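Worth saying up front: this structure is predicted, and the values here are computed from it rather than measured. Just so you know, ligand 1 is whichever comes first in the structure, and atom 1 is the first atom listed for that ligand. Below, each value reflects all heavy atoms present in this structure, side chains not excepted, and no hydrogens, waters or symmetry copies. Numbers here are sequence positions counted from 1.
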Amino acid sequence: MATSAHQDMLSLFTATCNATPDAPFLIAADGAVLTYAAAHARAAQLAHAFRAAGVQAGDRVAVQVEKSQTALLTWLAALQAGAVYLPLNTGYTTGELRYFLGDAAPALVLCRPEDEAGLAALCANLSVPALLTLDADGTAGSLVNAAAGQPTTFASTPAAPDGLAAILYTSGTTGRSKGAMLSHANLASNALTLREYWSFTAQDRLLHALPIYHTHGLFVATNTIIASGAAMIFLHRFDADALVRLMPQASVLMGVPTFYSRLLAHAGFTRELAAGMRLFVSGSAPLSAETHREFSALTGHAILERYGMTETNMNTSNPYEGLRKPGSVGFPLPGVDLRIADSETAAVLPQGEIGVIEVKGPNVFGGYWQMPEKTREEFRADGFFITGDLGFIDGEGYVHIVGRAKDLIIAGGLNIYPAEVEAALDEIPGISESAVIGVPHADLGECVVAVVKATDPALEQSAVLSALTDRLARFKQPRAVVFVDELPRNAMGKVQKAQLRETHAGLFVAKKV
Ligand code: MLC
Ligand code: AMP
């Protein structure tokens, strides 16, 4: 079995493949099985294709493709090739990609066939040397052609634990996105911790319906499964019908809160259906105590809520055995130091007081790609990372998140930084200023609303939204545009977003998407 002596995901993966080559790793919706041995071999072929495209150890491989088994294997191929994996949200527009590719300077971009022409021009412009494609099924495209016939083993150089494994971009509060640099040890240590904490075994079958371009679906789910030698029932995307159909074959589900509210609304989701499940995990956004209780009442299962971040992997979790408190994110995971500090003075606060959550541990990233200044700003001198989340620790040691010091909206588990949307809005002719807020949304938890001051009285919501189509990924686009004569400002001239949030809180409460 893979142990904590394994400090990188490639050796964890290889250890599992050697121990149980015939065990299932990925199970398709139709039941077709890809074993660990077959996955290792296919990843090796993909790693050869990367090399043939010019990727050397330490090079970045940027990936913006639909979710498929092959897409997931590109992560394991990057590990075999010693490359740094850089997954990108499939919703990003070409304009958004320009920044990521320019900043990360990858040696290879992997894209959807339909994006190839547009990206070829961008890659030429940015001097990215290689571009390959992969289709939505993961069965065709120039990557598949390049991998065909390649050897099924790859002579990998062992990874240094503190070497760079992946760069994941997170949006910035002040505009520019930051590439969080995650080391091999960051990822492997978290996978092993979660395996133990959540009692994973090789018998587990995880229903995987999350996207694989973010920490949750790519690392929390996949890496923990690999470390356990377990299998994933691998779905293209979230679909409540498919989850209900396949749940009898599964033992664990990991999802964002929207998964759980949608399951609760599904007539086929019953106590009997959930009876065979061992564990339901929620994270990436706050799970309301109400959803937690409704879920318990229907199924008898207490959803296990945990708290993480791209920069830190997972920090806290409710216990596997013991009380899973609704509205709490549980205890700091083994090896993670967590404290609550005053956001102004940095003084550590006593139990029960609200402050900014700070964390330190083997899970915490090394810094932002080529942003030493930003990195310094977000770490304390004693190595604690300042998460920007506000919380407190209760008398029993459970951590509660009560808000965010950072101006951030989380819709359906995806982060949107208002500053980025405001910058795009302010460039639209006829808008003089804007404030972007998150308001409660029945399905997504929160959604984006733009409050704008227009100089052109004829400007309409539809014109504003269509001006954003090519600028911002769909999930960042406002669900409503509210026109105002003036934005409320305090004496310092700062827009009072709390006031705006309160004024517009009712906009989407009763509505579905
Ligand atoms: C889809 N849309 C969204 C959206 N997802 N808009 C805002 N926020 C989202 N999250 C848009 C679609 O483009 C569509 O636009 C419309 O909303 C309706 O789409 P849908 O079909 O209802 O949505 P669906 O495709 O079912 O997606 C919803 C979802 C998905 C919640 C299942 O967003 C999802 O899988 N979210 C998980 C995100 C995630 O993995 N986060 C983890 C980050 S890591 P239109 O124009 O067609 O109407 C992290 C760290 C940690 O946070 O702790 O884990
Ligand atoms: P990301 O940058 O996409 O990794 O998102 C990380 C952010 O998601 C954290 O800083 C939190 O604000 C939020 N988050 C993750 N898990 C939870 C949770 N269980 N409850 C509340 N917020 C969460």
Can you tell whether the side chains of [X] and [Y] come within less than 4.0 Å, N to carboxylate O?
X: Asp239; Y: Arg262; answer: no
X: Lys476; Y: Glu96; answer: yes
X: Glu378; Y: Lys178; answer: yes
X: Arg278; Y: Asp204; answer: yes
X: Glu66; Y: Arg237; answer: no

Using non-hydrogen atoms of the residue, decide whether Lys406 is closer than 4.0 angstrom to ligand 2.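 Under 4.0 Å: yes for Lys406.
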Do any heavy atoms of Thr215 fall under 4.0 Å from ligand 2?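 The answer is no: ligand 2 sits nowhere under 4.0 Å from a heavy atom of Thr215.
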Where ligand 2 meets [X] - atom numbers and elements under 4.0 angstrom, heavy-atom basis:
X: Ile410; result: 8 (O), 12 (O), 13 (C)
X: Met309; result: 4 (O), 6 (C), 9 (C), 10 (O)
X: Ser284; result: 8 (O), 13 (C), 14 (N), 15 (C), 16 (N), 17 (C), 23 (C)

Can you tell me which portion of [X] lies within the under-4.0 Å heavy-atom range of ligand 2? Options are side chain, backbone, both, or neither.
X: Ala285; answer: backbone
X: His214; answer: neither
X: Leu287; answer: neither

Under 4.0 Å to a heavy atom of [X] - the qualifying atoms of ligand 1, by number:
X: His216; result: 42 (C), 44 (S), 54 (O)
X: Leu210; result: 40 (O)
X: Gly308; result: 53 (O)

Heteroatom distance test ([X], ligand 2): nitrogen or oxygen, under 3.5 angstrom:
X: Asp389; result: yes
X: Arg306; result: yes
X: Thr170; result: no
X: Asn415; result: yes

Which one of [options] has a non-hydrogen atom at the shortest distance from [atom]?
atom: atom 28 (C) of ligand 1; options: Lys67, Arg262, His214, Arg237; answer: Arg262
atom: atom 7 (C) of ligand 1; options: Arg479, Arg474, Lys476; answer: Arg479
atom: atom 37 (C) of ligand 1; options: Gly413, Gly412, Cys447; answer: Gly412

Rounded distance (nearest 0.5 Å) linking atom OH of Tyr417 with atom CG of Leu408: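 The OH atom of Tyr417 sits 4.5 Å away from the CG atom of Leu408.
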Within 45° of the ring axis of [Y] and under 6.0 Å from its six-membered ring centre, is that where the NZ or CZ of [X] lies?
X: Arg380; Y: Phe385; value: no
X: Arg324; Y: Tyr320; value: yes
X: Arg474; Y: Tyr92; value: no

Side chain, backbone, both or neither: Leu444 near ligand 1, heavy atoms under 4.0 Å: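 Contact part for Leu444 vs ligand 1: side chain (C-beta onward).
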Below 4.0 Å from any atom of ligand 1, is there a heavy atom belonging to [X]?
X: Gln477; result: no
X: Gly283; result: no
X: Arg306; result: yes

So His301 and Phe280, would you call those rings parallel, tilted or perpendicular, with 30° and 60° as cut-offs?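 Perpendicular: the ring planes of His301 and Phe280 meet at over 60°.
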Relative to the ring of Tyr169, is the ring of Tyr99 parallel (under 30°), tilted (30 to 60°) or perpendicular (over 60°)?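 Taking Tyr169 first and then Tyr99, their aromatic rings stand perpendicular (interplane angle over 60°).
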What is the minimum heavy-atom distance between Leu210 and Met254, and which atoms define it?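 Looks like CD1-O, 3.6 Å.
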Looking at every heavy atom in both Gly383 and Lys360, which two are closest together, and how far apart are they?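 Taking Gly383 first and Lys360 second, the nearest heavy atoms are O-CG, 3.8 Å.
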Could you tell me the residue and atom name of the protein heavy atom closest to atom 21 (C) of ligand 2, and the distance to it rounded to 0.1 Å?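 That would be Pro286 N, 3.4 Å.
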Evaluate side chain to side chain contact (heavy atoms under 4.5 Å, CB included) for Phe475 paired with Leu444, printing each intermediate quantity in order. CA-CA 11 Å; Phe475 72 89; Leu444 299 170; over 6 Å; no
